[in-house]
Amino acid sequence: MKYHHILAAYDGSEASVKALSHAVKIAENQQACRLSVAHVASRPAYTIASYGLVLPESYQEKWKEYEDALVQQATGQIEGLPYANVAVLKGHPATAILDYANDHACDLIVMGNRGLGALKEWMLGSVSHHVVQQARIPVLIVK
C-alpha cells in the first residue's frame, strides 16, 4: 500500500523506538512519503483529593530537559528523510495523536504497543488502545 503521510507516535519508550524505526523504513521505501513524529508533552498532574501540589521550579526545568532530549532522539532517527519533521503536541496523548492525524491528512499511524506510563495506563486506559478504537485511518501497532 502507498502511504503519503505517516504519523509515528514517540514517547521514548522501547516500543515507541521500535515503532519509529519501523515507520522510517516504510517512509524510506516510498517515494515522497512524509513522516511526522509526534511527541505529546504531557506532564504528570499532581493532585490529591482536589488539593494541588506545587512542584519546585527545578522539577519543571528537569522535565523540560527530558522532553527536549526525547525530541532530539526522534530528530536523530529521521535525519536522512527529506520529508520528515517532529511535532510536539499538548494534551491527552491519544486525543492529541488523533487530532494531529486528522488535521494533517495522515493516512497511517504507527505506534508502540506500550508507552512509559503503566500506572497511567491502568487508570486511564491504553493510549494505543484508544487510538486503535477511534482512528479513521489504519493504525500499525509495533511490539
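The residues of the chain are indexed from 1 along the displayed sequence. Computed over heavy atoms, backbone and side chain alike; hydrogens, waters and symmetry mates excluded.
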For the atom pair [atom1] ([X]) and [atom2] ([Y]), what is the distance rounded to the nearest 0.5 Å?
{"X": "Y3", "Y": "D107", "atom1": "OH", "atom2": "CG", "answer": "7.5 Å"}
{"X": "I26", "Y": "M1", "atom1": "CD1", "atom2": "CE", "answer": "11.5 Å"}
{"X": "I6", "Y": "C33", "atom1": "CD1", "atom2": "SG", "answer": "3.5 Å"}

| Non-neighbouring partners of K18 that pass side-chain contact (heavy atoms from CB on, under 4.5 Å), sequence neighbours left out | E14, V142
| All side-chain contact (heavy atoms from CB on, under 4.5 Å) counterparts of A38, not counting sequence neighbours | L7, L89
| field | Working for side-chain hydrogen bond (donor to acceptor under 3.5 Å, both in side chains), residues N113 and S128 | value | CA-CA 6 Å; N113 66 326; S128 58; over 6 Å; no
| field | Under the side chain to side chain donor-acceptor pair (under 3.5 Å) test, residues paired with Q77 that sit two or more places apart | value | none
Any idea which heavy atoms bring [X] and [Y] closest together, and the distance?
{"X": "G91", "Y": "V40", "value": "O-CG1, 3.3 Å"}
{"X": "I109", "Y": "A101", "value": "CD1-CB, 3.9 Å"}
{"X": "A19", "Y": "G112", "value": "CB-N, 3.5 Å"}
{"X": "I97", "Y": "M111", "value": "CD1-CE, 4.2 Å"}
{"X": "S16", "Y": "A9", "value": "CB-O, 3.8 Å"}

| message | I'd like to know whether L35 forms a side chain to side chain contact (heavy atoms under 4.5 Å, CB included) with I78, so could you lay out the CA-CA distance, the side-chain angles of the two residues, the decisive distance to 0.1 Å, and finally the verdict. | response | CA-CA 8 Å; L35 173 62; I78 62 171; 3.8 Å; yes
| If you count the non-hydrogen atoms of other residues, nucleotides and ligands that lie under 6.0 Å from NZ in K25, is the total more than 12? | no
| query | Crowded around H22 NE2? As in, over 12 foreign heavy atoms under 6.0 Å? | reply | no
| Which residues share a salt bridge (Lys or Arg N to Asp or Glu O under 4.0 Å) with D68, sequence neighbours left out | K64
| field | side chain to side chain contact (heavy atoms under 4.5 Å, CB included) assessment of L20 paired with V37 | value | CA-CA 8 Å; L20 178 54; V37 181; 3.5 Å; yes
| Within the side chain of H39, is there an N or O that forms a donor-acceptor pair under 3.5 Å with the backbone of Y10? | yes
| query | Is there a donor-acceptor contact under 3.5 Å from the side chain of S21 to the main chain of V17? | reply | no
| message | Is there a side chain to side chain contact (heavy atoms under 4.5 Å, CB included) between L70 and D11? Walk through the geometry before answering. | response | CA-CA 7 Å; L70 288 179; D11 66 4; 5.6 Å; no
| task | If a pair satisfies side-chain hydrogen bond (donor to acceptor under 3.5 Å, both in side chains) and one of its residues is in residues 27-36, list it, with sequence neighbours excluded. | result | H5-S36, S36-N85, S36-Y100
| field | Summary of side-chain hydrogen bond (donor to acceptor under 3.5 Å, both in side chains) pairs that have at least one residue in residues 134-143, sequence neighbours excluded | value | none
| Does C106 reach the side chain of I137, with side-chain heavy atoms less than 4.5 Å apart? | yes
